[in-house]
Engineer: 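Please see the structure below; I have some questions.
Only a predicted model underlies this, so the values are computations on that prediction, with no experimental measurement involved.
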Amino acid sequence: MSSISSVSSNQAAMVSTYKKDELSTSTKQQLEALGIDPSTVTSEAQAKTLIAQAQAAKQQNNSGAQNQGGNTSEQELLSEAKSLATSVGVTVSSNDSLDDIIDNISEEIQAMLNSGDQSKISAAQGYQTQLASISDRADTIQNTQQNIFNAMNMISTSNKYALGL
C-alpha cells in the first residue's frame, strides 16, 4: 500500500508541474478576446505580458479617438493646416511637411501678435487656437503610431522567443 501511495504522490507532483506550464482558462479567454492565439504563448507570464501590452495599445487607441472626436488622418490634418496657412497668409509648397507648415504658421501668428495692431492680435488669437488643435491632433497621431510600432515590435520579439529564433 505504501508503494501505491508513493506512486500517487509522484504522479501528483508531475501533474502539478505540468499544470504550471499550462495557461489558465481565464488567461486563454483574455488572449482570445484580444485576438492573440493562445497556442503561440508558452507561459502564463508571457501571456500576462502580452495581455498587458495589447490592453495598453487598445486603451491608447481608444483615448486617442476620444480626444480627436473620431479618427483623423494625417492627410486631413495636412489639408486643415494648409487651409489655416492660407487664412494666416503663409504660402505652402506641395512638398512641405505638416511640421513645416505648423512651424511657418506659428511664426506668422507670432508676428501678428507682435504687430501692435489690435485687429491682427485678435485674429492671431483665433488662429492660435486652431493651430493648437491641429498640433495636438498631429502629436496624438504620431504618439499612437509610435505605440502601435512598439507593441508590434514587442509581439515580434515575444514570437521569436516562443519559436526559439
Side-chain angles (χ1 to χ4, degrees), residues 17-113 123-165:
T17 303
Y18 173 74
K19 291 286 185 187
K20 286 182 185 175
D21 292 339
E22 188 176 297
L23 297 177
S24 69
T25 305
S26 65
T27 301
K28 286 181 183 178
Q29 290 172 346
Q30 286 178 324
L31 287 170
E32 289 170 350
L34 293 168
I36 301 171
D37 183 9
S39 65
T40 62
V41 181
T42 58
S43 69
E44 188 78 22
Q46 181 187 16
K48 295 293 183 187
T49 302
L50 287 173
I51 290 169
Q53 290 171 353
Q55 287 174 338
K58 188 175 182 180
Q59 183 178 12
Q60 177 67 29
N61 288 341
N62 288 343
S63 68
Q66 289 170 356
N67 289 341
Q68 296 171 16
N71 291 331
T72 304
S73 71
E74 282 184 84
Q75 290 301 320
E76 289 171 348
L77 280 178
L78 188 60
S79 174
E80 206 174 318
K82 285 181 180 180
S83 174
L84 180 60
T86 302
S87 299
V88 172
V90 173
T91 47
V92 178
S93 69
S94 60
N95 59 352
D96 281 348
S97 71
L98 181 59
D99 289 336
D100 293 337
I101 296 170
I102 289 173
D103 289 343
N104 292 340
I105 293 171
S106 181
E107 288 174 15
E108 185 62 30
I109 289 173
Q110 194 59 47
M112 292 171 77
L113 290 171
Q125 290 171 342
Y127 295 144
Q128 208 168 23
T129 304
Q130 291 176 354
L131 180 63
S133 172
I134 292 170
S135 181
D136 288 345
R137 287 183 287 153
D139 289 344
T140 300
I141 287 173
Q142 195 171 31
N143 288 337
T144 300
Q145 288 173 342
Q146 186 62 44
N147 287 339
I148 289 170
F149 174 77
N150 290 342
M152 290 173 66
N153 193 26
M154 290 297 289
I155 290 170
S156 169
T157 302
S158 295
N159 286 340
K160 287 178 184 175
Y161 285 126
L163 296 171
L165 300 176

Engineer: In Å and rounded to the nearest 0.5 Å, what is the CD to CD distance from E108 to Q110?
Structural biologist: 10.5 Å
Engineer: Can you list everything that forms a side-chain hydrogen bond (donor to acceptor under 3.5 Å, both in side chains) with D37? Sequence neighbours excluded, please.
Structural biologist: S39
Engineer: Which value, rounded to the nearest 0.5 Å, describes the distance between Q46 atom CD and T27 atom OG1?
Structural biologist: 12.0 Å
Engineer: Going from OH on Y127 to CE on M112, what distance comes out if it is rounded to the nearest 0.5 angstrom?
Structural biologist: 5.5 Å
Engineer: Is the number of heavy atoms from other residues, nucleotides or ligands under 6.0 Å of Q145 CD greater than 12?
Structural biologist: yes
Engineer: Would the distance check show the side chain of T140 and the main-chain N or O of D136 forming a donor-acceptor pair, the cut-off being under 3.5 Å?
Structural biologist: yes
Engineer: Would a 4.5 Å heavy-atom cut-off, applied to side chains only, mark I109 and Q125 as touching?
Structural biologist: no
Engineer: Do E80 and R137 have side chains that approach each other closer than 4.5 Å (heavy atoms only, starting at C-beta)?
Structural biologist: yes
Engineer: If you measure from CD1 on I141 to CG on L98, what distance do you get to the nearest 0.5 Å?
Structural biologist: 8.0 Å
Engineer: Please test T144 against N147 for side-chain hydrogen bond (donor to acceptor under 3.5 Å, both in side chains), starting from the C-alpha separation and ending with a verdict.
Structural biologist: CA-CA 5 Å; T144 300; N147 287 339; 5.7 Å; no
Engineer: What are the two closest heavy atoms between I102 and S135, and how far apart are they?
Structural biologist: CD1-CA, 4.1 Å
Engineer: Please set out all donor-acceptor pairs under 3.5 angstrom arising from side-chain atoms of residues 150-165, sequence neighbours excluded.
Structural biologist:
from, atom 1, to, atom 2, distance (Å)
N150, OD1, Q146, NE2, 3.1
N150, ND2, Q146, O, 3.4
T157, OG1, N153, O, 2.9
S158, OG, M154, O, 3.0
N159, ND2, I155, O, 3.4

Engineer: First locate atom CG of L78, then atom CG of D96, and finally report the distance between them rounded to the nearest 0.5 Å.
Structural biologist: 9.0 Å
Engineer: Only one of T129, L84, I105, I101 passes side chain to side chain contact (heavy atoms under 4.5 Å, CB included) with I134; say which it is.
Structural biologist: L84
